[in-house]
Visitor: 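My structure is below; once you've seen it, I'll send some questions.
Quick caveat, the model's predicted, so the values are computed rather than measured.
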Protein chains: 2
Amino acid sequence: MSPRKPVQQELTQDMIMDAARDLFVSKGYQHVSMRQIAKELGCSHGTLYYHFKNKAELFYELVEDHFVLLNQRLQEVLGKDLDEREKLKQILVAYIEFGLNHQSHYEIMFLTKDEEVRNLLNQGPNRSYEIFAQSVARLSGKKLKVQEIWLLFLSLHGFVTHYCRYVNGFEEVKDLAEAHADFLLKLI
Amino acid sequence: MSPRKPVQQELTQDMIMDAARDLFVSKGYQHVSMRQIAKELGCSHGTLYYHFKNKAELFYELVEDHFVLLNQRLQEVLGKDLDEREKLKQILVAYIEFGLNHQSHYEIMFLTKDEEVRNLLNQGPNRSYEIFAQSVARLSGKKLKVQEIWLLFLSLHGFVTHYCRYVNGFEEVKDLAEAHADFLLKLI
DNA sequence: CCTCCTTATTGACCACTGGTCAATAAAATA
DNA sequence: TATTTTATTGACCAGTGGTCAATAAGGAGG
């Protein structure tokens with residue numbers, strides 16, 4: 001017997017994720033409750049646990065999507081017709097831009113200490129970092145050590161991490177972000 | 001009428017802070033409840049609210065102490081009889097060391113998004129950063145822009161932030177920390 | 001049409017959280 | 001001793017994440 005096809009009114013994972021995304025983005029993971037999400041959807045909170053194992057896993061599904069987004073953004077820059085040095089800079093800036101424009105997700109992607117969430121994150125961060133690292137290695141003129149690229153990444157990460165707390169979006173700090181990119185480019 | 005002097009058995013702020021410190025350090029801010037602290041002290045959780053306005057303020061008192069500790073550590077390095085370049089490096093490494101050996105506190109000092117806690121942090125971070133910035137400016141040979149020192153700091157911060165999640169203490173990542181310091185020193 | 005089975009949904013329930021507050025015990029003062 | 005100040009308690013509140021038996025709703029087979 002084939003699985004019952006869901007009817008229009010019924011809740012889908014996508015519907016839940018859409019509602020959850022809005023709330024998580026505007027309030028942050030910690031400050032959104034499953035009951036709030038359910039209220040937004042006009043259903044009981046118990047229902048959410050039928051579709052997702054728990055709050056962490058619901059958020060994880062959202063985050064997975066965002067890693068794809070980050071990867072796309074990096075690939076987009078790589079596809080541009082630009083001087084290599086400039087492209088390298090734009091990679092760094094694009095990374096910062098992504099972080100500051102998706103703060104709640106960046107938090108989970110690279111900042112959370114919450115083990116429940118973190119145990120779910122496996123390939124996401126690695127794949128994104130691989131793209132980043134390979135781009136830097138290729139676009140930089142010099143022969144870079146693996147370690148140097150990693151330390152460069154951590155330096156970028158520090159910028160994002162800090163301004164995630166003080167700023168609502170990339171635009172507010174765009175100039176400084178470019179300065180940071182230029183600053184770090186001296187290293188490679 | 002002078003204030004009543006507390007008697008031996010009565011709870012003091014220090015006693016609460018000692019118990020709270022242990023718990024916060026071992027479990028992190030989010031995973032310690034006021035009731036757990038009260039249990040540790042053998043008192044009712046209501047009592048804690050007599051001595052501290054709320055959980056955030058209790059933690060804040062702890063954090064204040066830790067800023068003093070960080071400042072002392074930096075001053076200690078500055079007092080050493082060393083080549084200026086080496087001293088500069090040690091400042092950077094000492095900062096990382098402090099962050100990784102006081103992770104729960106570093107989290108609050110420089111990472112928390114919790115507004116309740118953050119609104120309490122005023123002078124602490126500024127004073128510590130001032131010491132850091134002035135040391136770097138003085139010890140570096142070059143004339144550095146204020147912005148460059150700030151970006152250097154953010155790069156250090158990124159290292160600490162990241163390894164706070166993956167490591168239990170400075171020792172586990174000492175070599176890499178030194179490499180990071182050397183790496184960043186190329187910038188100044 | 002009527003079973004039977006799968007799928008979705010509900011809301012009561014649990015143990016927990018941070019925080020408040022009237023009642024009260026105990027010590028210091030007058 | 002009587003009064004005032006200080007410290008402590010535990011019931012209480014509104015909220016949390018999560019579980020689960022009961023139930024409704026839809027499809028498949030007869």
Visitor: Using side-chain heavy atoms (C-beta onward) and a distance below 4.5 Å, is L184(B) in contact with L187(B)?
Guide: yes
Visitor: For residues L74(B) and F98(B), determine if any side-chain heavy atom of one lies less than 4.5 Å from a side-chain heavy atom of the other.
Guide: no
Visitor: How many Å lie between CG on N54(A) and P on dC14(C), as a whole number?
Guide: 22 Å
Visitor: Please tabulate, for the side chains in residues 142-151 of chain B, all donor-acceptor contacts under 3.5 angstrom to protein atoms that are two or more places apart in sequence or on a different chain.
Guide:
| residue | atom | partner | partner atom | Å |
| --- | --- | --- | --- | --- |
| E148(B) | OE1 | K145(B) | N | 3.0 |
| E148(B) | OE2 | K186(A) | NZ | 3.4 |
| W150(B) | NE1 | Y163(A) | OH | 2.8 |

Visitor: Go ahead and write out DNA chain C as dot-bracket, 5' to 3': ( ) for pairs within the strand, [ ] for ones crossing earlier pairs, | when the partner sits on another strand, dots for unpaired; Watson-Crick or G-U wobble, both distances under 3.5 Å.
Guide: ||||||||||||||||||||||||||||||
Visitor: Please report, rounded to the nearest Å, how far the P atom of dA8(C) is from the CG atom of L41(A).
Guide: 16 Å
Visitor: Does K89(A) come within less than 4.0 Å of E178(A), counting only side-chain N to carboxylate O?
Guide: yes
Visitor: Name the pairs: protein N/O against N/O of nucleotides 10-13 of chain C, kept only if under 3.5 Å.
Guide:
| residue | atom | partner | partner atom | Å |
| --- | --- | --- | --- | --- |
| dT10(C) | OP2 | S44(A) | N | 2.9 |
| dT10(C) | OP2 | T47(A) | OG1 | 2.8 |
| dG11(C) | N7 | S44(A) | OG | 3.0 |

Visitor: Verify the contact: side-chain N or O of Y49(B) to OP1 or OP2 of dG19(C), cut-off strictly under 4.0 Å; return yes or no.
Guide: yes
Visitor: Measure the distance from CZ on F59(A) to P on dG17(D) and round it to the nearest whole Å.
Guide: 13 Å
Visitor: May I ask you to evaluate whether Q30(A) reaches the phosphate of dT16(D), defined as a side-chain N or O under 4.0 Å from OP1 or OP2?
Guide: no
Visitor: Can you tell me how the ring of H157(A) sits relative to the ring of Y106(A), calling it parallel under 30°, perpendicular over 60° and tilted otherwise?
Guide: tilted
Visitor: Between H51(B) and K53(A), just flag the one whose closest nucleotide in DNA chain D comes earlier from the 5' side.
Guide: H51(B)
Visitor: Measure CE/M34(A) against P/dT17(C) and give the value in whole Å, please.
Guide: 20 Å
Visitor: Starting from the C-alpha separation in whole Å, work towards a yes-or-no answer on side chain to side chain contact (heavy atoms under 4.5 Å, CB included) for Q36(A) and H45(A).
Guide: CA-CA 8 Å; Q36(A) 281 169 33; H45(A) 72 280; over 6 Å; no
Visitor: Rounded to the Å, how far apart are K39(A) NZ and dT9(C) P?
Guide: 20 Å
Visitor: Using only side-chain N and O atoms of H31(B), determine if any of them is under 4.0 Å from OP1 or OP2 of dT17(C).
Guide: no
Visitor: Rounding to a whole Å, what distance do you find between F52(B):CZ and dG18(C):P?
Guide: 15 Å
Visitor: If the threshold is 4.0 Å, N to carboxylate O, is there a salt bridge linking E130(A) and R127(A)?
Guide: no
Visitor: On the six-membered ring of Y29(A), is K55(A) placed so that its NZ or CZ lies under 6.0 angstrom from the centre and within 45° of the ring axis?
Guide: yes
Visitor: Is the shortest side-chain heavy-atom distance between E97(A) and K174(A) below 4.5 Å?
Guide: no
